[in-house]
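Each chain gets a letter, A, B and so on, in the order the sequences are listed, and its residues count up from 1. The model shown is predicted, which means the values in this text are computed figures rather than measured ones.
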Amino acid sequence: MFTPVAADFFDAPTLELSRRLLGQILVHELPEGIVAGRIVETEAYMGAEDRAAHSFGNRRTKRTEIMFGKPGLVYTYQMHTHTLINVVAEAEGTPRAILIRAVEPVGGIELMEELRGSHMPVKQWTSGPGKLTKAMAITMEYYGHCFTEKPLYIAQGSPVQDISVGPRVGIGNSLEAVHYPYRFWETENPFVSKFR
DNA sequence: GAAGCGATGGTCT
DNA sequence: GACCATCGCTTCA
């Protein structure tokens, strides 16, 4: 049904890869079935030079260690009660990553509904970085996993018509980085977390 | 429909 | 002990 992309898919500069990820399918194969979401919103975190990045100033800790690894690795971390998922970018030693902020459900709809628990509009299942990990059962166990391997991987999707660009969300204390245009989303797609 | 704000837990200093 | 790359409920319109 879905096939993981090849490793060279991730060999691109971070900002280019952030755009390339839009329209691709994030797939998680679970014992209960497959859930799949088309990526519609991403944010780039530009490593040592980006005050909003966890790896600003090449800060290397247990948490950021994986950002220094090869492109295509999974960087998960906890935000309050939520898990957020990133794609590691750039060559080893350059700690950049791309946050997946929203997906559009395209497979395993019933399973996603179950995973989200209480009844709510479909739009709210995956329209945010903490929401989509819950809807797709993505947990910290995937820290360091590779996006080219099952059971959690990226598969080729469909082209994105029109890409909008704007400042990132939720980084209010990052001084000059607050206005960097590092957020990308499919224009008008109802599943993006925030418009403008 | 928008804006305000409290809950909540892991990571780092 | 401070700091959040969040979410969802409450409030006010």
| request: Using whole Å, report how far OH of A:Tyr77 lies from C1' of B:dT8. | output: 15 Å
| message | From OH of A:Tyr143 over to P of B:dG10, roughly how many Å is that when rounded to an integer? | response | 16 Å
| said: To check you understand the geometry: which heavy-atom pair defines the closest contact between A:Ile39 and A:Leu21, and what is its length? | reply: CB-O, 3.5 Å
| query | Hey, does the side chain of A:Arg51 come within less than 4.0 Å of C:dC4's phosphate (OP1/OP2), counting only N and O? | reply | no
| said: Looking at every heavy atom in both A:Ile154 and A:Gln24, which two are closest together, and how far apart are they? | reply: CG2-CB, 3.9 Å
| message | I'd like to know whether CD of A:Glu32 has more than 12 heavy-atom contacts from other residues, nucleotides or ligands below 6.0 angstrom. | response | yes
| said: I'd like to know whether A:Trp185 forms a side-chain contact (heavy atoms from CB on, under 4.5 Å) with A:Ile163, so could you lay out the CA-CA distance, the side-chain angles of the two residues, the decisive distance to 0.1 Å, and finally the verdict. | reply: CA-CA 6 Å; A:Trp185 70 94; A:Ile163 296 176; over 6 Å; no
| Single hit among A:Arg59, A:Arg96, A:Arg168 for salt bridge (Lys or Arg N to Asp or Glu O under 4.0 Å) with A:Asp50 | A:Arg168
| message | Just to be sure I understand the rule, does A:Arg168 reach a base, reach only the sugar-phosphate, or reach nothing, if contact means heavy atoms closer than 4.0 Å? | response | nothing
| task | Return the value, rounded to whole Å, for the distance between atom CD1 of A:Ile171 and atom C1' of C:dT6. | result | 14 Å
| Is a side-chain donor-acceptor pair under 3.5 Å present for A:Thr187 with A:Ser164? | yes
| query | Going by heavy atoms closer than 4.0 Å, what residues in residues 79-103 of chain A are next to DNA chain B? | reply | A:His80, A:Thr81
| field | Under the side chain to side chain contact (heavy atoms under 4.5 Å, CB included) test, residues paired with A:Ser18 that sit two or more places apart | value | A:Thr14, A:Thr42, A:Ala44, A:Ile98, A:Phe184
| remark: Between CE of A:Met140 and P of C:dA5 the distance, given in whole Å, is 15 Å
| remark: Closest of C:dG8, C:dC4, B:dG10 to the A:Asn173 side chain is C:dC4
| query | Taking atom P of B:dT8 as reference, at what distance in whole Å does atom CD of A:Gln78 sit? | reply | 15 Å
| note | Given Watson-Crick and G-U pairs under 3.5 Å, DNA chain B in dot-bracket ([ ] crossing, | other strand) is |||||||.||||.
| Rounded to the nearest Å, what distance is computed from the OH atom of residue A:Tyr45 to the C1' atom of nucleotide C:dA5? | 4 Å
| query | Which of these nucleotides, B:dC12, C:dT6, C:dG8, is closest to any side-chain atom of A:Arg116? | reply | C:dG8
| remark: The nucleotide from C:dG8, C:dA5, B:dC12 with an atom nearest the side chain of A:Met67 is C:dA5
| request: Rounded off to whole Å, could you give me the NZ-to-C1' distance for the A:Lys194 and C:dG8 pair? | output: 13 Å
| What closest approach, in Å, do A:Pro129 and A:Leu132 show between heavy atoms, and which atom pair accounts for it? | O-CG, 3.7 Å
| task | Might you point out which heavy atoms bring A:Ile66 and A:Gly144 nearest each other, and give the distance in Å? | result | CD1-CA, 3.7 Å
| task | Let me know the distance between CD1 of A:Ile138 and P of C:dT6, rounded to the nearest Å. | result | 16 Å
